[in-house]
Chemist: 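Following this message is one structure expressed as structure tokens.
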Amino acid sequence: MKKRLAEIDKILQSMYEDKVFCKISADRYASMSAALEKEEADLKRSLTEIQTALSQKAEQSRSAKDFADLIEN
């Protein structure tokens, strides 16, 4: 996901340059950038959800280990 986010950033920069130098139309730029920005937002949301879930699992694992250590001693 992080790799794709970096790719999207590069693509958007390149597309903007193409628009500035009239290599693509403003309408084409608008539609393509809107699609990429939506994909970017979706990826960022998914990445945040995954990172949150991983943090919760790590905390649960630490809690379980601490509990097991308490019982063992």
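Throughout, numbering of the chain's residues begins at 1 and tracks the sequence. Any value given below was found using the heavy atoms of this structure, including those in side chains, with hydrogens, waters and symmetry copies removed. None of these values were measured; they are calculated from a predicted model.
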Chemist: Run Lys10 and Glu7 through side chain to side chain contact (heavy atoms under 4.5 Å, CB included) and show every step you take.
Modeler: CA-CA 5 Å; Lys10 287 180 185 178; Glu7 290 172 352; 5.8 Å; no
Chemist: Looking at Asp66 and Arg62, is any side-chain nitrogen of the basic one under 4.0 Å from a carboxylate oxygen of the acidic one?
Modeler: no
Chemist: Show which side-chain atoms of residues 47-56 pair as donor or acceptor with protein atoms under 3.5 Å away, not counting sequence neighbours.
Modeler:
{"residue": "Thr48", "atom": "OG1", "partner": "Lys44", "partner atom": "O", "Å": "2.9"}
{"residue": "Thr52", "atom": "OG1", "partner": "Thr48", "partner atom": "O", "Å": "2.9"}
{"residue": "Ser55", "atom": "OG", "partner": "Gln51", "partner atom": "O", "Å": "3.1"}

Chemist: With rounding to the nearest 0.5 Å, note down the distance linking CD in Glu37 to CG in Leu12.
Modeler: 5.5 Å
Chemist: Could you tell me which residues satisfy side chain to side chain contact (heavy atoms under 4.5 Å, CB included) with Gln13, sequence neighbours excluded, listed by chain and number?
Modeler: Asp9
Chemist: Determine, step by step, whether Lys65 and Asp69 satisfy the salt bridge (Lys or Arg N to Asp or Glu O under 4.0 Å) criterion, reporting the C-alpha distance in whole Å, the side-chain angles of both residues, the deciding distance to 0.1 Å, and the verdict.
Modeler: CA-CA 6 Å; Lys65 184 184 180 320; Asp69 289 345; 3.0 Å; yes
Chemist: Less than 4.5 Å apart, side chain to side chain, heavy atoms only: is that true for Met1 and Arg4?
Modeler: no
Chemist: Go through the structure and list residues passing side chain to side chain contact (heavy atoms under 4.5 Å, CB included) with Ser14, not counting sequence neighbours.
Modeler: Asp18
Chemist: Measure the CD1-CE distance between Ile8 and Met15 for me, rounded to the nearest 0.5 Å.
Modeler: 11.0 Å
